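Below is one structure; the comments refer to it alone.
None of the values given here were measured: they were computed from a predicted structure. Excluded from the calculations below are hydrogen atoms, water molecules and symmetry mates; all remaining heavy atoms, backbone and side chain alike, are included.
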Amino acid sequence: LVETCKKVIATRKRTTSELIKQGFEVLPSSTNFVFARNKSHNAADLFQGLRDKKIIVRHFDKPRINEYLRISIGTDDEMDSLLSALKELTS
């Protein structure tokens with residue numbers, strides 16, 4: 001359990017750092033997911049673009065969080081795929 005927690009924390013930190021480099025705002029998190037938004041791109045459009053690429057994140061069409069994607073922390077390979085897809089969608 002401790003080893004798994006360490007992996008999730010390390011992957012979350014790396015993913016958060018990379019999202020910020022790509023222009024995303026990422027809310028602080030101590031969980032196995034992050035909330036991230038890109039002020040230049042609509043979250044619903046990013047959600048659909050990721051879905052089209054077979055990458056599943058959550059988007060809630062609710063006040064206060066409708067600009068954010070809820071991104072669960074996965075394996076390093078999964079997160080690399082997500083980061084690559086987001087870079088493509090926001091470029």
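Of the inter-residue distances, the one linking K87 atom NZ with E18 atom CD reads 8.0 Å to the nearest 0.5 angstrom. In this structure, F60 CZ and F35 CZ are separated by 5.5 Å, a value rounded to the nearest 0.5 Å. Distance check: T15 OG1 to I20 CD1 gives 11.0 Å after rounding to the nearest 0.5 Å. Here F33 contributes atom CZ and L27 contributes atom CG; the two are 10.0 Å apart, rounded to the nearest 0.5 Å. Separation of atoms CD1 (I73) and OG1 (T16) is listed at 6.0 Å; rounding is to 0.5 Å. Once rounded to the nearest 0.5 Å, the distance linking OG of S91 with NE2 of H41 reads 7.5 Å.
For K7 and D76, the salt-bridge test fails: no basic side-chain N is under 4.0 Å from an acidic carboxylate O. Under the 4.0 Å criterion applied to side-chain N and carboxylate O atoms, K39 and E67 are not assigned as salt-bridge partners.
Residue V26 is grouped with residue L50 when hydrophobic side chains (ILVMFWY) are merged at heavy-atom distances under 4.5 angstrom, including chains of intermediate members. When the side chains of ILVMFWY residues are joined at heavy-atom separations under 4.5 Å, either directly or via intervening members, I55 and L89 end up in a single hydrophobic cluster. By the rule that hydrophobic residues join a cluster once side-chain heavy atoms approach within less than 4.5 Å of another member, V57 and V8 end up as members of one cluster. Hydrophobic clustering, with ILVMFWY side chains joined whenever heavy atoms are under 4.5 angstrom apart, keeps Y68 apart from F24.
Distance alone, capped at 3.5 Å, is enough to place a donor-acceptor pair between the H59 side chain and the N66 backbone. Distance alone, capped at 3.5 Å, is enough to place a donor-acceptor pair between the Q22 side chain and the L83 backbone. Remark: side-chain polar atoms of Q48 are not paired, donor with acceptor, to backbone N or O of D45 under 3.5 angstrom.
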request  = Please step through salt bridge (charged side-chain N to carboxylate O under 4.0 Å, His left out) for the pair K53 and E88, ending with a clear verdict.
outcome  = CA-CA 11 Å; K53 295 176 180 294; E88 191 176 303; 2.5 Å; yes

Candidate pair D80 and R14, rule side chain to side chain contact (heavy atoms under 4.5 Å, CB included), full reasoning = CA-CA 10 Å; D80 289 342; R14 182 180 69 84; 2.9 Å; yes

request  = Begin with the C-alpha distance, continue with both residues' side-chain angles, and end with the deciding distance and a verdict on side chain to side chain contact (heavy atoms under 4.5 Å, CB included) for R58 and L69.
outcome  = CA-CA 6 Å; R58 299 286 306 266; L69 299 175; over 6 Å; no

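Using a 4.5 Å heavy-atom cutoff, the side chains of L19 and I71 are in contact.
Nearest heavy atoms, S29 versus V34: CB-CG1, 4.0 Å.
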